[in-house]
Colleague: 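Quick one: the structure is below, questions incoming.
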Amino acid sequence: MKLFRSVLAVTAVATTTLFGTASAQAAAPGTDFSGIAALSNCSASLVRYAESVSTDKALVLTNGHCYEGGFLQPGQVLVNKASTRSITLLKPDSSRAGTVRADKILFGTMTRTDMIVYEVNETYASIKSRLNVTPLTLAKQGPADGAGMAVVSGYWKRIYTCSVQATIPQLREGDWTWQNSIKYQQPGCETIGGTSGSPVVSTTTGEMIGINNTGNEDGERCTVNNPCEVDADGNVTVDQGAAYGQQTWWLYTCLTANRTIDLNKSGCELPKPARRH
């Protein structure tokens, strides 16, 4: 997992002025730090759903393994958990725009996918007015093979550019298993520790099509920092140097009409908390 290693050791858019429109002056998708955030140990991004409006509380997305409480256990799911995490937002040129503060974790897991959705204590409109930062829009489907992509790291203030190589049926790393992981075509996206939680951005649409989370560093088989690929027939493959991201569009399958996450919604792809007996 691409966590900074020292930590391991110790409705339509409400306004065009809020969410932005394409213009001749706009940077090409995936080439700047618009909507990008940094945490103490990982990267992150300010995100919105396609239906989000300016008065909604803003959302920040990062990996589940970047949780301030440490790695989540297999099967563990966080829902509406209080948080006071400070998050640094960046300007398009990667300089510091300012900070926002989380007030809760709406959803978090390292099972099937690897993400945490923070709700911050102010609206998109407030952040736009105060910091002039606009969010990335979450894509409603995963990327196709060959799609152009960029991994934009707020922690390192670095952009990696490549394309999607394939969608891997199952990725195993240590005790964790992820489904339909996004594998990057190399060279170009040799991500390092600290890039965990970076958005995978479409270089065509500018939408967030996944979330960067891991890579095989040493060629080991299915160990921490050395994920292995498992195909539909159960065959295991190790690809040293390969890097991967996880699906984020599954959030839409659990979204209600008022843009809240309902894990009991029919068709919801996200894992539910285990029942207590």
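Computed over heavy atoms, backbone and side chain alike; hydrogens, waters and symmetry mates excluded. When a residue number appears, it is its place in the shown sequence, counting from 1.
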Colleague: Treating W156 as the side-chain partner and I192 as the backbone partner, does any N or O pair qualify as donor plus acceptor under 3.5 Å?
Modeller: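 Flag not set: sc W156 to bb I192 has no pair under 3.5 Å.
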Colleague: Once you round to the nearest 0.5 Å, how far does SG of C228 lie from CG of N216?
Modeller: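 The SG atom of C228 sits 8.5 Å away from the CG atom of N216.
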Colleague: Which residue in the set Q247, Q170, Q246, E173 passes side-chain hydrogen bond (donor to acceptor under 3.5 Å, both in side chains) when paired with S181?
Modeller: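 For S181, the side-chain hydrogen bond (donor to acceptor under 3.5 Å, both in side chains) test succeeds with only one of Q247, Q170, Q246, E173, which is Q246.
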Colleague: Does some side-chain heavy atom of T84 sit less than 4.5 Å from a side-chain heavy atom of R101?
Modeller: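 Result yes, sub-4.5 Å side-chain heavy-atom pair found.
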Colleague: Measuring from R158:CZ to T195:OG1, what's the distance to the nearest 0.5 Å?
Modeller: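 These two atoms lie 9.0 Å from each other.
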Colleague: What verdict does the side-chain contact (heavy atoms from CB on, under 4.5 Å) test give for T248 and M115, after you've listed the backbone C-alpha separation in whole Å, the side-chain angles of each residue and the deciding distance to 0.1 Å?
Modeller: CA-CA 8 Å; T248 51; M115 65 176 167; 4.2 Å; yes
Colleague: Of all heavy-atom pairs between A243 and T191, which one has the smallest distance, and what is that distance?
Modeller: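 In this case the closest contact between A243 and T191 is CB-OG1, 3.5 Å.
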Colleague: Rounded to the nearest 0.5 Å, what's the gap from CH2 on W178 to OG1 on T111? Could you check?
Modeller: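 Result: 9.5 Å between the selected atoms.
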Colleague: Is there a side-chain contact between L61 and L138 (heavy atoms, below 4.5 Å)?
Modeller: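 The answer is yes, as the side chains (C-beta and beyond) meet within the 4.5 Å cut-off.
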Colleague: Checking N213 against H65: is there a side-chain donor and acceptor pair closer than 3.5 Å?
Modeller: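 No - no donor-acceptor pair under 3.5 Å links their side chains.
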Colleague: Is the shortest heavy-atom distance from the side chain of P273 to the side chain of V79 under 4.5 Å?
Modeller: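 Yes, close enough: below the 4.5 Å cut-off.
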Colleague: With rounding to the nearest 0.5 Å, note down the distance linking CG in D93 to CZ in F33.
Modeller: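 Nearest 0.5 Å value for the CG-CZ distance: 9.0 Å.
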Colleague: Strictly distance-based, threshold 3.5 Å: is any side-chain N or O of T256 a donor or acceptor partner for the main-chain N or O of T260?
Modeller: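 Side chain of T256 to backbone of T260: a pair is present.
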Colleague: Taking P169's backbone N and O only, do any of them form a donor-acceptor pair with D231's side chain (distance below 3.5 Å, no angle check)?
Modeller: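 No, because the side chain of D231 does not come within donor-acceptor range (under 3.5 Å) of the backbone of P169.
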Colleague: Does S198 reach the main-chain N or O of I211 with its side chain, forming a donor-acceptor pair under 3.5 Å?
Modeller: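 No.
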Colleague: So does K140 pair up with E51, basic N to acidic O under 4.0 Å?
Modeller: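 Judged by the 4.0 Å cut-off on N to carboxylate O distance, K140 and E51 do form a salt bridge.
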Colleague: So among T99, L89, I127, D103, which one has a side-chain contact (heavy atoms from CB on, under 4.5 Å) with V120?
Modeller: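 When T99, L89, I127, D103 are each tested with V120, the side-chain contact (heavy atoms from CB on, under 4.5 Å) holds only for I127.
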Colleague: Using atom types as modelled and distance alone, determine if a side-chain donor or acceptor of Y118 lies under 3.5 Å from a backbone N or O of R85.
Modeller: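 Here the side-chain-to-backbone pair does not exist.
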Colleague: If we count only N and O atoms by modelled type, under 3.5 Å, do the side chains of N180 and T167 hold a donor and an acceptor together?
Modeller: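 No - no donor-acceptor pair under 3.5 Å links their side chains.
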Colleague: I'd like to know whether Q179 forms a side-chain hydrogen bond (donor to acceptor under 3.5 Å, both in side chains) with T113, so could you lay out the CA-CA distance, the side-chain angles of the two residues, the decisive distance to 0.1 Å, and finally the verdict.
Modeller: CA-CA 7 Å; Q179 305 292 334; T113 186; over 6 Å; no
Colleague: With a 4.5 Å limit on heavy-atom distance, are the side chains of L251 and L255 in contact?
Modeller: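 Not in contact.
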Colleague: Taking the basic N atoms (NZ, or NE/NH1/NH2) and the acidic carboxylate oxygens, is any pair closer than 4.0 Å for R130 and E122?
Modeller: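 Answer for the salt bridge query: yes.
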Colleague: Run the salt-bridge test on E229 and R172 with the 4.0 Å N-O cut-off and return the result as yes or no.
Modeller: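 Here E229 does not pair with R172 in a salt bridge, since their nearest N and O are not under 4.0 Å apart.
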Colleague: Quick one, I87 and L39 - any side-chain contact, counting heavy atoms below 4.5 Å?
Modeller: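 A side-chain contact exists here, since the closest heavy-atom pair is under 4.5 Å.
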Colleague: Please report the C-alpha distance between V230 and N235 in whole Å, then the side-chain angles of each, then the deciding distance to 0.1 Å, and finally whether the side-chain contact (heavy atoms from CB on, under 4.5 Å) criterion is met.
Modeller: CA-CA 5 Å; V230 185; N235 300 309; over 6 Å; no
Colleague: Would you find a donor on one side and an acceptor on the other, under 3.5 Å apart, between the side chain of T253 and the backbone of W250?
Modeller: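 The answer is yes, because a donor-acceptor pair under 3.5 Å joins these two groups.
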Colleague: Looking just at side-chain N and O atoms, do S153 and S43 make a donor-acceptor pair shorter than 3.5 Å?
Modeller: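 S153 vs S43: donor-acceptor pair found between side chains.
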Colleague: Drop me the distance from K104's NZ to L106's CG, to the nearest 0.5 angstrom.
Modeller: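 One gets 6.5 Å once the value is rounded to the nearest 0.5 Å.
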Colleague: Are the side chain of T203 and the backbone of G148 linked by a donor-acceptor contact shorter than 3.5 Å?
Modeller: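 Looks like yes, one N/O pair under 3.5 Å.
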Colleague: Considering all heavy atoms of both residues, which atom of G30 and which atom of A150 are nearest to each other, and what is their separation?
Modeller: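 Taking G30 first and A150 second, the nearest heavy atoms are O-CB, 3.5 Å.
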Colleague: So, for V164 and A144, which heavy atoms are closest and what is the spacing to 0.1 Å?
Modeller: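 That closest heavy-atom pairing would be CB-O, 3.6 Å.
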Colleague: Rounded to the nearest 0.5 Å, how far apart are CG of L90 and CG of L46?
Modeller: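 L90 atom CG to L46 atom CG measures 11.0 Å (nearest 0.5 Å).
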Colleague: Counting C-beta onward and ignoring hydrogens, is there a side-chain heavy-atom pair between M149 and C162 closer than 4.5 Å?
Modeller: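 Yes - at least one pair of side-chain heavy atoms lies under 4.5 Å apart.
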Colleague: Any Lys/Arg nitrogen of K91 or D32 sitting under 4.0 Å from an Asp/Glu carboxylate oxygen of the other?
Modeller: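 Between D32 and K91 there is no salt bridge, as every charged N stays at least 4.0 Å from the carboxylate O atoms.
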Colleague: Donor-acceptor pair, D239 side chain versus A242 backbone, under 3.5 Å?
Modeller: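 A pair under 3.5 Å: no.
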Colleague: Using modelled atom types and a 3.5 Å cut-off, is there a donor and acceptor pairing between side-chain atoms of D56 and backbone atoms of V53?
Modeller: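 Yes, because the side chain of D56 sits within donor-acceptor range (under 3.5 Å) of the backbone of V53.
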Colleague: Looking at side-chain heavy atoms only, is the closest gap between I209 and P199 below 4.5 Å?
Modeller: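 SC-SC contact between I209 and P199 ruled out.
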Colleague: Can you give me the closest heavy-atom contact between S202 and P29, atom names plus distance?
Modeller: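 Answer, listing the atom of S202 first, then P29: O-CB, 3.4 Å.
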Colleague: If you define the side chain from C-beta out and look only at heavy atoms, does anything of I105 sit under 4.5 Å from N80?
Modeller: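 No, side chains not in contact.
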Colleague: Does A28 offer a backbone N or O that forms a donor-acceptor pair with the side chain of T31 under 3.5 Å?
Modeller: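 Pair found, side chain donor or acceptor close to backbone of A28.
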Colleague: With side-chain contact (heavy atoms from CB on, under 4.5 Å) as the test, would you mind laying out the steps for T55 and Y124 before giving the verdict?
Modeller: CA-CA 6 Å; T55 52; Y124 292 110; over 6 Å; no
Colleague: Set out, in order, the CA-CA distance, both residues' side-chain angles and the distance that settles salt bridge (charged side-chain N to carboxylate O under 4.0 Å, His left out) for E269 and R112, then state yes or no.
Modeller: CA-CA 9 Å; E269 295 279 352; R112 284 182 50 80; 3.2 Å; yes
Colleague: Which atoms form the tightest heavy-atom contact between M1 and F71, and what is the distance?
Modeller: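 Of all heavy-atom pairs spanning M1 and F71, the closest is CE-CE2, 3.7 Å.
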Colleague: Minimum heavy-atom separation for K81 to Y67, with atom names?
Modeller: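 Scanning both residues, the minimum pair turns out to be CE-OH, 2.7 Å.
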Colleague: Can you check ring-ring contact (aromatic ring centres under 6.0 Å, His included) on Y244 and Y184, steps first, answer last?
Modeller: CA-CA 6 Å; Y244 307 89; Y184 313 152; 7.3 Å; no
Colleague: Under the side-chain contact (heavy atoms from CB on, under 4.5 Å) criterion, do L136 and E207 qualify, and how do the steps go?
Modeller: CA-CA 6 Å; L136 298 174; E207 292 181 322; over 6 Å; no
